[in-house]
Amino acid sequence: MFTIATYNTNSIRARLHIIKKYIEDIHPDCLCLQETKVVDEQFPKEFFLEQKYNVIFKGQKAYNGVAIASPHKIEDVIFGFEDGEDREEDLTRLIRCKIKGISIINSYVPQGRDIEHEQYQIKLNWFKRLKRLFEQKYKKELPIIWCGDMNVAPTELDVYEPEKKLDHVCFHEAVRRAFLDVVSWGFIDIFRKFHPEPEQFSFFDYRIRGAVKRKLGWRIDHILVTKNLADKAIDAKIDLKYRLLQKPSDHTFVRALFDL
DNA sequence: ATGGTCGACTCTCGA
């Protein structure tokens, strides 16, 4: 059995009690975290060691930050794309490694702010760079997991009132096309394989009152896997329970299980 | 219902 989970923490230091409970309950073989919002000197490394987890991370002050934690050996650690275009920020948004022979790519894709904003072009370019990364440095026949906060609802099933989100940076046609182009390299949306039904959301904006109850959410946290892993997948879940345990945060854990 | 809050950090930003 191999379990991978992804969670946008929106400050790892504010969510340690949630992560502790999740590790105790689920004991994921790989936990991919985004928006840790902490510089490396202040990263709660000791917390993970207490849970008997190894951890790799890179962050910056106030924004971004990614980490991968695992009870197993974490090998071949790389930050960023290493494509010659890496800005400082990219190193705190993309973290890659290998665990038990599986290549793991954990990404916190730039949100984009507004379709007119230059940040949106950076976001679209990010997906181009990811596509190139997979084409040049990975082999789709091998076991690979690309997961994280993609800041994209890929289809109209993945957001409430999609007809009103056409100009939203997480649903705009260009961003969906850019994301699906990376997926087309050789990935399967393993969550969707197990849950074709609507209203499966991983993110609820806490500014909207009663968003969970009213099902006003988005599915923007994804786990994509190559065929060889998809064939061994047993189940996938959105662990909403852990969101209800915390002070309003926005994202929750998404998890996939494999018979390995 | 087109809302409003949280976290980090400065006196506001990003989501």
Side-chain angles (χ1 to χ4, degrees), chain A residues 6-20 22 32-45 47 57-67 87-95 106-127 147-154 156 158-172 174-176 178-179 199 201-222 238 240 242-254:
Chain A
T6 178
Y7 175 44
N8 177 319
T9 63
N10 186 17
S11 172
I12 191 169
R13 288 176 292 179
R15 314 287 177 220
L16 286 181
H17 60 296
I18 310 287
I19 295 169
K20 186 169 194 292
Y22 196 77
C32 292
L33 304 169
Q34 306 88 34
E35 269 204 278
T36 54
K37 289 191 175 182
V38 63
V39 292
D40 294 347
E41 295 71 35
Q42 293 174 44
F43 187 92
K45 202 163 49 176
F47 165 84
F57 51 87
K58 194 174 287 290
Q60 62 180 81
K61 195 168 154 184
Y63 309 114
N64 310 326
V66 282
R87 304 160 301 159
E88 182 65 28
E89 188 183 322
D90 294 329
L91 308 180
T92 67
R93 286 181 173 274
L94 183 66
I95 182 170
N106 174 21
S107 58
Y108 173 43
V109 176
Q111 195 264 5
R113 299 193 198 184
D114 185 284
I115 57 170
E116 302 298 330
H117 199 282
E118 66 168 345
Q119 283 294 323
Y120 185 57
Q121 293 307 316
I122 289 174
K123 180 180 193 176
L124 296 178
N125 190 45
W126 237 72
F127 286 116
C147 70
D149 179 354
M150 309 296 179
N151 270 314
V152 177
E156 55 189 21
D158 299 313
V159 61
Y160 73 101
E161 299 175 349
E163 67 284 359
K164 296 174 184 172
K165 305 296 189 304
L166 295 171
D167 288 333
H168 192 289
V169 286
C170 297
F171 192 64
H172 187 246
V175 81
R176 283 191 280 155
F179 171 72
E199 297 175 337
F201 301 134
S202 66
F203 166 91
F204 297 90
D205 190 332
Y206 48 64
R207 292 169 294 187
I208 301 175
R209 261 174 228 297
V212 178
K213 205 171 185 177
R214 293 156 64 203
K215 302 183 195 302
L216 302 182
W218 297 71
R219 192 174 71 95
I220 54 176
D221 300 279
H222 301 291
I238 292 176
L240 267 188
Y242 295 88
R243 187 184 188 283
L244 300 174
L245 289 176
Q246 66 201 35
K247 264 170 72 181
S249 173
D250 33 22
H251 298 258
T252 193
F253 296 86
V254 182

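Since the model is a prediction, treat every value here as computed from it, not as a measurement.
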Of A/Asn8 and A/Tyr160, whose closest DNA chain B nucleotide lies nearer the 5' terminus?
A/Tyr160
Integer angstrom distance from the P of B/dT5 to that of B/dC9
22 Å
Using OP1 and OP2 only, check whether a side-chain N or O of A/Arg209 sits under 4.0 Å from B/dT5.
yes
Between the protein and nucleotides 9-13 of chain B, which nitrogen or oxygen pairs are less than 3.5 angstrom apart?
{"residue": "B/dT10", "atom": "OP1", "partner": "A/Lys61", "partner atom": "NZ", "Å": "3.2"}

Report the distance from atom CZ of A/Arg207 to atom P of B/dG7, rounded to the nearest whole Å.
13 Å
Regarding A/Tyr108, tell me which of base, sugar-phosphate or nothing describes its non-hydrogen contacts under 4.0 Å with the strands shown.
sugar-phosphate
Tell me which one of A/Asp149, A/Asn106, A/Asn10 satisfies side-chain hydrogen bond (donor to acceptor under 3.5 Å, both in side chains) with A/Gln34.
A/Asn106
Applying ring-ring contact (aromatic ring centres under 6.0 Å, His included) to A/Tyr120 and not counting sequence neighbours gives A/His172
Please figure out whether A/Glu35 or A/Lys165 has its closest DNA chain B nucleotide nearer the 5' end.
A/Lys165
Does A/Arg15 place a side-chain N or O at less than 4.0 Å from the phosphate oxygens OP1/OP2 of B/dG7?
yes
If the P atom of B/dT12 is compared with that of B/dA1, how far apart are they to the nearest Å?
34 Å
Residues at least two apart in sequence or cross-chain that pass salt bridge (Lys or Arg N to Asp or Glu O under 4.0 Å) with A/Lys20, listed by chain then number, are A/Glu24
Look at the side chain of A/Lys164 and decide which nucleotide, out of B/dT2, B/dG4, B/dG7, has an atom nearest to it.
B/dT2
Using the P atoms only, state how far B/dG7 lies from B/dG3, rounded to an integer number of Å.
23 Å
Salt bridge (Lys or Arg N to Asp or Glu O under 4.0 Å) partners of residues 204-213 of chain A, not counting sequence neighbours, each pair once
A/Asp205-A/Arg207
Nearest-angstrom distance, P atom, B/dT2 to B/dC13
25 Å
Pairing residues for A/Lys164 by the side-chain contact (heavy atoms from CB on, under 4.5 Å) criterion, not counting sequence neighbours
A/Glu161
Only counting residues at least two apart or in another chain, list the ones meeting side-chain contact (heavy atoms from CB on, under 4.5 Å) with A/Ala62.
none
